[in-house]
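Please read the structure below before turning to the comments.
Letters A, B, ... are given to chains in the order of the sequence lines, protein chains preceding strands, and every chain is numbered from 1. Not measured: the values here are computed from a predicted model.
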Amino acid sequence: AQTIHQWPVAEIKAVGSPLSLGCTIKGKSSPNLYWYWQATGGTLQQLFYSITVGQVESVVQLNLSASRPKDDQFILSTEKLLLSHSGFYLCAWSLLGGYEQYFGPGTRLTVL
Amino acid sequence: QQKVQQSPESLSVPEGGMASLNCTSSDRNFQYFWWYRQHSGEGPKALMSIFSDGDKKEGRFTAHLNKASLHVSLHIRDSQPSDSALYFCAASEHSGGSNYKLTFGKGTLLTVTP
């Protein structure tokens with residue numbers, strides 16, 4: 001069975017500090033991977049997607065970057081956090097593009 | 001402008017009742033629709049997809065798509081308190097292959113009261 005793990009579960013960071021969030025998918029080879037951002041109680045905004053190791057496409061610019069260093073790992077990062085980065089970050093995977101996306105449990109980020 | 005619009009923003013139904021959620025796309029390129037459900041503090045989970053005109057039924061859930069008007073609805077019969085959640089409509093330009101972008105609506109908050 002496939003499992004998706006996100007770390008950390010929650011993070012409180014200062015404005016201007018760096019950030020790194022991680023996501024690991026086990027039990028599925030070469031999945032498509034996605035990062036989403038969700039404001040509290042708000043809609044889901046797709047940020048990045050990746051179809052293979054080392055290849056990441058940006059969907060929207062929010063002063064964030066993403067990388068896929070391994071087949072089963074997706075990293076979201078920034079060197080300088082803004083207040084507007086606060087929210088819920090979700091990683092997801094799909095078998096193929098256009099198919100059902102399976103979401104992880106998310107990371108709650110608070111920027112003060 | 002929000003390309004995927006949902007209504008109502010919130011909805012309260014009694015246990016055992018019918019909940020009806022609506023979604024409309026303003027982008028004619030969006031032809032493929034999904035319904036996702038998110039319980040508080042968790043990641044969303046797909047309920048069902050609908051790509052063809054008409055109805056699609058899965059258990060207590062029925063989705064209806066009208067491609068001409070780009071309107072999709074979700075009906076939940078015999079609603080249960082466990083159905084209380086945020087429901088998202090999501091749309092994409094095509095259903096398979098190289099499509100990776102999914103656009104979500106703002107969601108409908110459903111509360112089922114015992």
Side-chain angles (χ1 to χ4, degrees), chain A residues 2-7 9-10 21 23-25 30-52 55-61 66 68 74 76 87-110, chain B residues 1-7 9-11 21 23 25-26 29-52 56 58 61 63 84-111:
Chain A
Q2 302 82 20
T3 58
I4 179 167
H5 175 60
Q6 289 189 241
W7 74 91
V9 172
L21 304 180
C23 172
T24 298
I25 292 85
S30 302
N32 295 321
L33 298 177
Y34 311 85
W35 275 113
Y36 286 85
W37 172 79
Q38 183 180 30
T40 302
T43 191
L44 293 146
Q45 172 65 61
Q46 193 175 54
L47 301 175
F48 300 93
Y49 65 86
S50 171
I51 60 174
T52 192
Q55 185 177 333
V56 177
E57 299 296 329
S58 173
V59 177
V60 64
Q61 291 295 327
R68 187 171 178 177
F74 208 17
L76 183 71
F88 199 37
Y89 287 85
L90 291 148
C91 179
W93 71 271
S94 70
L95 184 60
L96 292 170
Y99 283 71
E100 178 179 348
Q101 293 186 16
Y102 300 88
F103 286 81
T107 294
R108 177 74 57 190
L109 174 67
T110 303
Chain B
Q1 180 191 3
Q2 189 82 11
K3 289 189 174 183
V4 177
Q5 296 164 314
Q6 291 185 242
S7 64
E9 288 186 10
S10 63
L11 177 65
L21 290 68
C23 172
S25 173
S26 60
N29 291 318
F30 289 160
Q31 293 279 310
Y32 301 91
F33 295 88
W34 293 87
W35 285 101
Y36 280 79
R37 179 167 77 178
Q38 183 181 29
H39 287 104
S40 182
E42 300 179 2
K45 183 176 180 181
L47 281 174
M48 60 196 304
S49 63
I50 184 163
F51 300 159
S52 303
K56 182 177 181 181
E58 292 187 5
F61 299 86
S84 297
L86 190 55
Y87 288 76
F88 289 104
C89 173
S92 65
E93 292 187 5
H94 48 91
S95 63
S98 60
N99 176 55
Y100 306 101
K101 295 183 184 178
L102 198 58
T103 300
F104 284 77
K106 289 189 175 182
T108 292
L109 183 62
L110 173 65
T111 303

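- Although no hydrogens or angles enter the test, the distance criterion places no donor-acceptor pair under 3.5 Å between the side chain of Ser49(B) and the main chain of Trp34(B).
- Because its NZ or CZ atom is not both nearer than 6.0 Å to the ring centre of Tyr87(B) and within 45° of the ring axis, Arg37(B) does not count as a cation-pi partner of that residue.
- For Glu57(A), no part sits under 4.5 Å from any heavy atom of chain B, backbone or side chain.
- Within the 4.5 angstrom heavy-atom criterion, no atom of Gln6(B) approaches chain A.
- Ring geometry for Phe104(B) against Tyr36(A) counts as perpendicular: the plane angle is over 60°, on a 0 to 90° scale with 30° as the lower cut.
- Checked by atom type and distance alone, the side chain of Tyr36(B) pairs as donor or acceptor with a backbone atom of Gln101(A) at under 3.5 Å.
- Using a 4.5 Å cut-off between heavy atoms, Leu90(A) touches chain B through its side chain atoms alone.
- Using a 4.5 Å cut-off between heavy atoms, Ile4(A) does not touch chain B at all.
- Glu93(B) places no side-chain N or O within 3.5 Å of a backbone atom of Asn29(B) that could act as its donor or acceptor partner.
- Contact tally against chain A (heavy-atom pairs below 4.5 Å) for Gly107(B), Ala46(B), Pro44(B): the top residue is Pro44(B).
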